[in-house]
Amino acid sequence: MGETVGNLIGLNDEVIHPAATLAVEAHNSQSKQFLVKKIKIRHDHSSVVVLAFSGSMFPDDWLGQPPFGKTKIDTGKFPSLTSLNDGGDAVVNGSFLGRFNGVLDKLSHDKELKKAIEKKRQVVFSGYSSAGPIAILATLYFLENRTLSPRCLTFGSPLLGDRIFGHALRREGWSDYFTHFVMKYDIIPRIMLSPSSTEHAQILNYFKSKFDRKNINPAPPSGFYLTVMGNASSVASYEACHLMGCRNPSLDIIKSFIELSPYRPSGTYVFCTGNGNLLVVKNPNAVLQILIHCTELGESNTAEVEKRSLDEHSAYLSELKECLGMQAVVSLDGGPATATLNDLGLSPQAMLCLQAAEEFENRRSRNLEKIGKYLEKIEVELEMLRKYKENAQISGLGYYDSFKLQNEDDDFRANVRRLELAGMWDEIKEMLKEFELPDEFEKKREIIDLGTKYRRLVEPLDIANFYRHSKDKETGAYVIGGGPRPKRYRFTQRWLEHQEKKPFGSRSESLFWADVEQLGIDIKKKGYLQEIKDRIHQLERNMIAWIDVDKSLDKDVLLEKTTFVKWWRDLPIECKSESERIEKLIGEKAAGV
Amino acid sequence: MERRRMNQVPLFSSAGELANMVITSNLIDVALANIPELQRGQAALHRSVQHMVYQPTPNRTIVVFASSPDSTQCPLPQGGYLVPYPDFDFLCTKECSSVSINGAALNLFESLKNHLSGLKTELIARDGQLIITGHSLGGSVASLFTLYLLDSMNKRSKCCPICITFGSPLIGDFGLQHSQWNSFFLHVVSNRDPVPGLFLPSSHTQTTAYKPFGTYLLCSELGCACFDDPDLILKLLRVISSEVAGGLLQVVDYGEILRHLKKRAICKGPRLAGERFADPFSAGIVMELETIGIDPTKLLQHNIDIRRMEAKARSLANKTKAFDAKKLNDIKKYMALLEWYKKKSKDAGKGYYDCFKKGEFKRDISIGEFMGHLNAYWEDMVAQADRKPQKEGASFRTSWLFAGTTYRRMVEPLDIALFYEGGGRDYINSKRSQHYKLLEQWYEEAVKPPTREELDSKKQKVSVLLTEDSCFWAHVEEAILSCKSLTNANSTPELRESSWNNLVKFGEYVMEQIENYAVSPEIFLKDSCFMTWWREYKAYIASPSNPCSLRFIEFIDFMKTGRYGVYGRSEVP
């Protein structure tokens, strides 16, 4: 013990309760979209600016299109919220995204916020209930823009994004900036795990009339609990099956017959156990399991639990006041802490789920360790291939053409190395697709660098192999969307583009040879159509930029005996647009400049 | 033992979670919803079985089968007999060469079959979810109908079926363990229901021909768990049927049971809080078995071995997609290494077959190792395909048949070389591995003979192609042996005659291969076994010989005139 929530989430404790108070006040504010308040920290006299959003309990503001109102995130505003390995863009609740877009203009012109940014004050976006997702999106928006590094605090917030959303947050290293307080029985943090239904509307309408204060004591709805928690429990069990390594092939078939919510928790969760203790959990799989299982024990009477699930949504301020004073805080990281878990009241089955969630993280660490050993091997193989390339250059042919001919022992050895490397990178690729490596893997500088080095050096060999065996006749061109180009190159290219904040597909220098080969084939088939001419011009411009500007393409493509130079020199003069410049480059290469 | 386990990665059993996912969703409610209604109508109609099609939403169709209570209860205890049913031979696998179905279920199914073939065609054409369901014998008919439907589906079918039965008895002696079809079946069984285990002998020492397939969701009033291991399911069904009091056939209300369980899954009520588990797998399994009403102290008595289950789970856990990806690239690597060996041999003026046979290169040692990896991989792939029901196996293997054929043509000659070098005789009939035979058979079934143009393009490329008949060298080796018998002064006249005939057949065979551009020109390299044989044979047939077929004469001419020297050279017109 001895830890405080603030320590665990990286924020001064004095901020939390005022932020919650402001969040509740702002939520029910009809006139303002958000409230701003400056909080002085006693011990170091710094100030923290808290900005809390207003909410809405209109069912339409919660769920647009049934069953789950999901929509792809706008990657223009949120470029990082996507998967770098074929998983697609993050999915979020469209209604919440819409409400954020409605407040964004006012937010970016807010004077107090601007002042806080100028004075480099810590900014905290805060939201209670339906305002929670708005606070999350606002925080993300500023993190993406790098204008400031805000924190986010939510209280009783519904879930906002899917698995990719949480994965992207953790990959970017932002996950720790988000802290969500959840009361043990509160229905609202669980409600999005269930599809839109009359039960949903019942719950929201109840809170609406309660918050509007038109009706101080509205009659609570009943009969919703089994439906909502049933669906939520189904989601948790589905995820638990994965964590536990379920190999029953029926799992996928059954899943396709059940409408499972796409939404998953992300960020750090702080569970209020109800007796003054707080439990801090960062493992997103563990959060989901606790969200579902911590309500199971204690009451066998559904009506009783149902009532508490509503009441506790309004109890954050009083509960936090008590808990933050007591500071009985435990972190789950490093394994389930039995004592606090007992406060939550978890069944043995729930305990197994938590252990599986923990083991899943261990498995990812073990995989990382295994891949770590690969990285050394990859370096060695790449060094050998670099030497191969150097030697081939001395022979005047260049390694692309030498490899394509496969006449020498060295070419053959290079082919074996190519396959050796493909094996390791394909294994990495499959692990990433199954989320079997830590989320931040694709963001690690040394991994991106190695991936880029690998792609630039070895992809030409894959292309040579492809066209050597005329595989285009079976599968179509090497580069077509989702076509024969191996995913290990697609992925590594995407990592670099993401790191450099460049558009998807812009870092295609390793595809130079595929462009050359395919142009050769297409010219034979179609002749010099305008479309072909355009592609030639594009290729010339790209090549000059890659060789001259960012040095991402090696000059050995300019050797006089290469497929490229021979092909390019044979082109009719009217098809070339950079004739002089390229001849000059070829000349320089030949002269050894 | 404990120490060994501590070093191992902990495993989990997901049987309880999978069951929980099913019962907390509304899938079961949907499947059960229309059964009672149909059953009530049934009683009035006095028909033994009927079916009804519902479409609650545009994207979902439900087919319900209901059998009359009479047909469910009366004939059953004696109704365990199995009837061979050739109509379902599409379920045959390597292990199960004919299919038998429970007589009672089959009677009901057959009585409906005329109505069902139209329904089947209609359902397959639909785009969307299809739930096929039934209670007791109605569920058996639902299972049979689902199999019947699956057999007619193809890749273009958009219909996604699932079959959910409640308290249905076992229906047949075929297992679907190695088939994807297994995943389309979910059988719900209560521990109070004697019907599912009716046909099973009560003692676990007695065997039964019945085999369960699909996933079983077993439940008691305490909870539920899903299992898909057929042996375990059989054991559990036995325990359940032996423990149902007096074998009285009371009708079990599955709706009631499952509603109760759903509520229980969400509000368990006060109970002992959990502790951390040192051995999560066995803790999980014990809890799951207990929850479906199996006394954990009697596992030994029921012949249920948790350690063995764990070992099985562990071997499955190691087979991941990442692992497969690595393995596939390794296999490609070994093939590349062999290709290189072939090329190096050719550069030295020899065929790789001969090089390997004579063991001339230092690298020949590692060739044996590469062969070992490749053989192990392909034997496994072939065995997997062979265990699946015919049609599914066919689509599984077409995806890699091309790679398998290249492997066979590259590696089998090396196996042949080892065999004859070790003094073997008659490779094709006495030694040839089953997986080569199947690979060849599947290839022949899948590939049509080449057209004129294809033959022309083959002619251009023949110098880089592998010899098509992977047993070519076995034929050559046999020809060498025949030639020896022919020239041996001690041979009997009968042996001489049969050797002569064999050699004529061989000559015809080689000529046919040459005409089809099916052999690599490498066979004509100076020191190859084939040319060595030819030199010996040529000397012998220099003397006048018996009349022969045209093709044989053509062959002798082809060889004698040295035309083979230009075989495979693309510049020759």
Side-chain angles (χ1 to χ4, degrees), chain A residues 225-226 229-231 233-234 237-238 240-241 243-254 256-258 296-302 305 335-336 338 341-342 345-353 355-356 359 363 366 412 415-416 419-420 422-424 426-431 433-434 436, chain B residues 9-14 16-18 20-22 24-27 30 129 131 160 162 180 182-186 214-215 226 228 262-263 265-277 280 283-284 287 313 316-317 320-330 332-333 336-337 340 343:
Chain A
Y225 193 75
L226 277 184
M229 288 309 285
N231 288 311
S233 178
S234 210
S237 287
Y238 172 68
C241 282
L243 296 174
M244 294 178 165
C246 175
R247 288 306 179 102
N248 186 329
S250 300
L251 175 63
D252 290 331
I253 304 281
I254 293 169
S256 69
F257 282 84
I258 301 176
E296 287 169 357
L297 300 184
E299 294 289 346
S300 55
N301 180 349
T302 324
V305 191
T338 309
L341 291 175
N342 282 349
L346 295 181
S347 66
Q349 190 59 37
M351 193 53 130
L352 281 173
C353 291
Q355 274 185 249
E359 175 52 27
R363 191 159 81 219
R366 281 196 303 272
F412 158 73
N415 192 29
V416 174
L419 290 163
E420 197 81 65
M424 291 187 272
D426 279 355
E427 196 174 345
I428 295 175
K429 172 202 81 183
E430 288 298 334
M431 284 182 180
K433 275 170 80 176
E434 306 284 313
E436 290 275 346
Chain B
V9 171
L11 284 184
F12 296 85
S13 167
S14 55
E17 291 300 326
L18 182 54
N20 196 63
M21 170 182 161
V22 175
T24 51
S25 74
N26 64 357
L27 181 59
V30 170
Q129 298 180 338
I131 300 174
C160 327
I162 190 169
Q180 286 173 353
N182 217 5
S183 54
F184 294 110
F185 294 88
L186 180 64
T215 293
C226 280
D228 67 338
K262 178 171 182 170
K263 203 177 149 198
I266 293 159
C267 289
K268 292 192 167 72
R271 256 211 304 180
L272 261 179
E275 292 271 333
R276 221 184 137 75
F277 295 97
M287 264 162 31
L316 271 180
T320 61
K321 280 187 182 157
F323 177 78
D324 288 346
K326 178 85 168 43
K327 200 157 142 193
L328 188 65
N329 278 299
D330 281 344
K332 285 186 191 165
K333 189 178 80 187
L337 287 160
W340 186 247
K343 186 171 185 305

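Bear in mind that the values here come from a model prediction, so they are computed numbers and not experimental data. Letters A, B, ... mirror the listed sequences (proteins, then strands); counts begin at 1. Values below: all heavy atoms of this structure, side chains included; hydrogens, waters and symmetry mates excluded.
Rounding to the nearest 0.5 angstrom, the gap separating the OG atom in B:S14 from the CG atom in A:N248 is 7.5 Å. A distance of 5.0 Å separates CD1 of A:I254 from CG of B:L186, quoted to the nearest 0.5 Å. Atom SG of B:C160 is separated from atom CD1 of A:I253 by 8.0 Å, given to the nearest 0.5 angstrom. Rounding to the nearest 0.5 Å places CG of A:L251 at 9.5 Å from OG1 of B:T215.
Contact annotation: the side chain of B:F277 approaches that of A:P348 to within less than 4.5 Å [non-hydrogen atoms, C-beta and beyond]. Residues A:S233 and B:N20 form a side-chain contact, since some pair of their non-hydrogen atoms from C-beta on lies under 4.5 Å apart. For the pair B:I162 and A:S250, the minimum side-chain heavy-atom distance is 4.5 Å or more. Annotation: side chain of A:Y225 is in contact with side chain of B:I266 (closest heavy-atom distance under 4.5 Å). In this structure, the side chains of A:L352 and B:M287 come closer than 4.5 Å at one or more pairs of heavy atoms. By the 4.5 Å heavy-atom criterion applied to side chains, A:E359 and B:L11 are not counted as neighbours.
Listed for the A:S237 side chain is no donor-acceptor partner under 3.5 Å among the backbone atoms of B:L18.
Considering all non-hydrogen atoms of both residues, A:G230 and B:K262 come closest at CA-CE, 4.4 Å. Between B:S13 and A:M244, the shortest heavy-atom contact is O-SD, 3.6 Å. Of all heavy-atom pairs spanning B:E17 and A:C353, the tightest one is OE2-SG, 3.1 Å. Heavy-atom minimum distance, B:N329 versus A:D426: ND2-OD2, 2.8 Å.
A:N415 touches chain B through its side chain: at least one heavy atom from C-beta onward sits under 4.5 Å away, while N, CA, C and O do not. Of the two parts of B:L27, only the side chain, counted from C-beta on, holds a non-hydrogen atom closer than 4.5 Å to a non-hydrogen atom of chain A. Contacts between A:E296 and chain B at a heavy-atom distance below 4.5 Å involve backbone atoms as well as side-chain atoms. For B:K343, the part lying near chain A is the side chain, with the backbone staying farther off; criterion is any non-hydrogen pair under 4.5 Å. Contact annotation for A:R366: only side-chain heavy atoms (C-beta onward) come within less than 4.5 Å of a heavy atom of chain B. Looking at A:V305, only its side chain comes within 4.5 Å of chain B, counting heavy atoms on both sides. Heavy-atom distances place the backbone of B:N182, and not its side chain, under 4.5 Å from chain A. With a threshold of 4.5 angstrom between heavy atoms, A:A356 approaches chain B through its backbone and through its side chain. Using a 4.5 Å cut-off between heavy atoms, B:A317 contacts chain A through its backbone alone, with no side-chain atom that close.
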Run the salt bridge (Lys or Arg N to Asp or Glu O under 4.0 Å) test on A:E427 and B:K326 for me, step by step, so that the C-alpha distance in whole Å, both residues' side-chain angles and the decisive distance to 0.1 Å come before the verdict. CA-CA 6 Å; A:E427 196 174 345; B:K326 178 85 168 43; 5.0 Å; no
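Contact tally against chain A (heavy-atom pairs below 4.5 Å) for B:L328, B:D330, B:L337: the top residue is B:L337. Between chain B and the options A:R247, A:K433, A:M424, heavy-atom pairs under 4.5 Å are most frequent for A:R247.
A:F412 is linked by a ring pair (Phe, Tyr, Trp, His ring centres under 6.0 Å) to B:W340, counting only residues two or more places apart in sequence or in another chain. B:K333 pairs by the side-chain hydrogen bond (donor to acceptor under 3.5 Å, both in side chains) definition with A:E420, not counting sequence neighbours.
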